[in-house]
Q: 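To start, I am sharing the structure in question, which I have written as structure tokens.
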Amino acid sequence: MKIDPNTFEGFNRVLTGVIVPRPIAFVSSVSPDGVVNLAPYSFFNAVSYTTVVFSSSRHVGNKSKDTLRNIEETGEFVVNIVVDPIAEAMNATAAEFPEGVDEFEIAGLTHAPSDIVKAPRVLESPVNIECKLDQVVQIGSGDHEHGLVIGTIVLMHVRDDIINGHRIDQEKLMATGRMAGNMYCRTSDRYEMVRPVYDPAKSAAANR
Ligand SMILES: Cc1cc2nc3c(=O)[nH]c(=O)nc-3n(C[C@H](O)[C@H](O)[C@H](O)COP(=O)(O)O)c2cc1C
């Protein structure tokens with residue numbers, strides 16, 4: 001089967017069904033007049049050792065997304081990593097609440113002050129990444145308009161018990177992955193694969 005993204009009804013569900021699992025950024029931001037906002041974003045990743053990106057649709061129905069607007073207006077945000085113990089709280093924040101609602105309260109999560117940016121961190125998340133906005137790249141138009149938020153990491157908070165030197169204990173982190181739709185996965189089933197080293201002497205011998 002070949003699928004044309006421009007004509008295939010429901011292509012978004014096919015795409016999010018094959019690019020799996022996706023990490024989830026739990027993004028906290030604050031409006032210029034101080035209203036705190038928190039929402040999950042799984043079009044999310046790190047794209048360099050100092051840069052994270054996530055993409056937000058501009059509107060949902062006739063409502064604009066608070067996270068995107070706050071970040072464009074203030075130039076700051078925090079990415080809180082979603083882990084299994086807060087997965088349900090994360091989900092609780094994803095309804096389209098009216099502007100002015102603090103989703104921390106809805107989800108029973110605790111504000112922790114950030115060091116550099118104004119947006120609070122989620123205390124219950126073991127990793128909080130304070131970011132300054134680099135730029136928002138507009139993608140698509142009309143109903144499909146998205147803002148690709150590119151953020152520069154200015155400070156990372158990591159809970160002491162999950163880090164040893166520079167090694168993160170994945171067993172303790174318990175990061176949550178997003179599959180398609182309402183499906184999620186755990187990161188408790190892992191395996192190691194050592195990257196091969198190119199040895200020109202061995203390759204030459206094999207080619208003889
Ligand atoms: C796990 C999960 C991942 C999501 N990822 C995205 C995303 O990548 N982009 C997006 O626009 N909305 C995404 N959403 C929907 C937003 O979280 C939702 O529209 C939310 O209400 C936006 O809140 P805000 O207006 O406070 O920013 C996701 C929802 C869930 C539950």
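When a residue number appears, it is its place in the shown sequence, counting from 1. Small disclaimer: the values here were computed from a predicted structure and weren't measured. Ligands are counted one by one from 1 in listed order, and the atoms in each one are counted from 1 as well.
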Q: Show which atoms of ligand 1 fall inside a sub-4.0 Å distance from at least one heavy-atom site of A94.
A: 18 (C), 20 (C), 21 (O), 31 (C)
Q: Going by heavy atoms, is N37 under 4.0 Å from ligand 1?
A: yes
Q: Quick one: which of S28, A92, P40, G177 has a heavy atom closest to atom 29 (C) of ligand 1?
A: P40
Q: Answer yes or no for S29: is there a heavy-atom contact with ligand 1 below 4.0 Å?
A: no
Q: I'd like to know if the side chain of N45 reaches the main chain of V53, judged simply by a donor and an acceptor atom lying under 3.5 Å from each other, with no hydrogens or angles considered.
A: no
Q: Check if Y184 has a non-hydrogen atom at a distance under 4.0 Å from any atom of ligand 1.
A: yes
Q: So if I count the atoms of ligand 1 from 1 in the order they appear, which ones are less than 4.0 Å from some heavy atom of A95?
A: 21 (O)
Q: Just to verify, which of F77, F44, F26 counts as forming a ring-ring contact (aromatic ring centres under 6.0 Å, His included) with F54?
A: F77
Q: Can you list the ligand 1 atoms lying under 4.0 Å from a non-hydrogen atom of K63?
A: 25 (O)
Q: Is it the case that the side chain of T51 and the backbone of V47 share a donor-acceptor pair, with hydrogens and angles ignored and the cut-off at 3.5 Å?
A: no
Q: Would you mind running through ligand 1 and noting each atom that sits below 4.0 Å from a heavy atom of F43?
A: 8 (O)
Q: Does R69 reach ligand 1, in the sense of a heavy atom lying below 4.0 Å from it?
A: no
Q: Do the side chain of R121 and the main chain of P113 share a donor and acceptor less than 3.5 angstrom apart?
A: yes
Q: Run the numbers for me: atoms of ligand 1, each under 4.0 Å from some heavy atom of K65, listed by number.
A: 10 (C), 11 (O), 12 (N), 15 (C), 16 (C), 18 (C), 19 (O), 22 (C), 25 (O)
Q: With a 3.5 Å distance limit and no angle check, can you tell me whether S141 reaches the backbone of E145 through a side-chain donor-acceptor pair?
A: no
Q: Are any of the N or O atoms of T93 closer than 3.5 Å to those of ligand 1?
A: no
Q: Hey, what do you get for CD1 (I71) to NZ (K132), rounding to the nearest 0.5 Å?
A: 12.5 Å
Q: Do you see a donor-acceptor pair shorter than 3.5 Å between the side chains of D66 and S29?
A: no
Q: What about S55: any of its N or O atoms under 3.5 Å from an N or O on ligand 1?
A: yes
Q: Using modelled atom types and a 3.5 Å cut-off, is there a donor and acceptor pairing between side-chain atoms of E130 and backbone atoms of D115?
A: yes
Q: Nearest 0.5 angstrom please: S114 OG to I129 CD1, how far?
A: 12.0 Å
Q: With a cutoff of 4.0 Å, is E103 in contact with ligand 1, counting heavy atoms of the residue only?
A: yes
Q: Specify side chain, backbone, both or neither for D66, according to which of its non-hydrogen atoms lie closer than 4.0 Å to ligand 1.
A: both
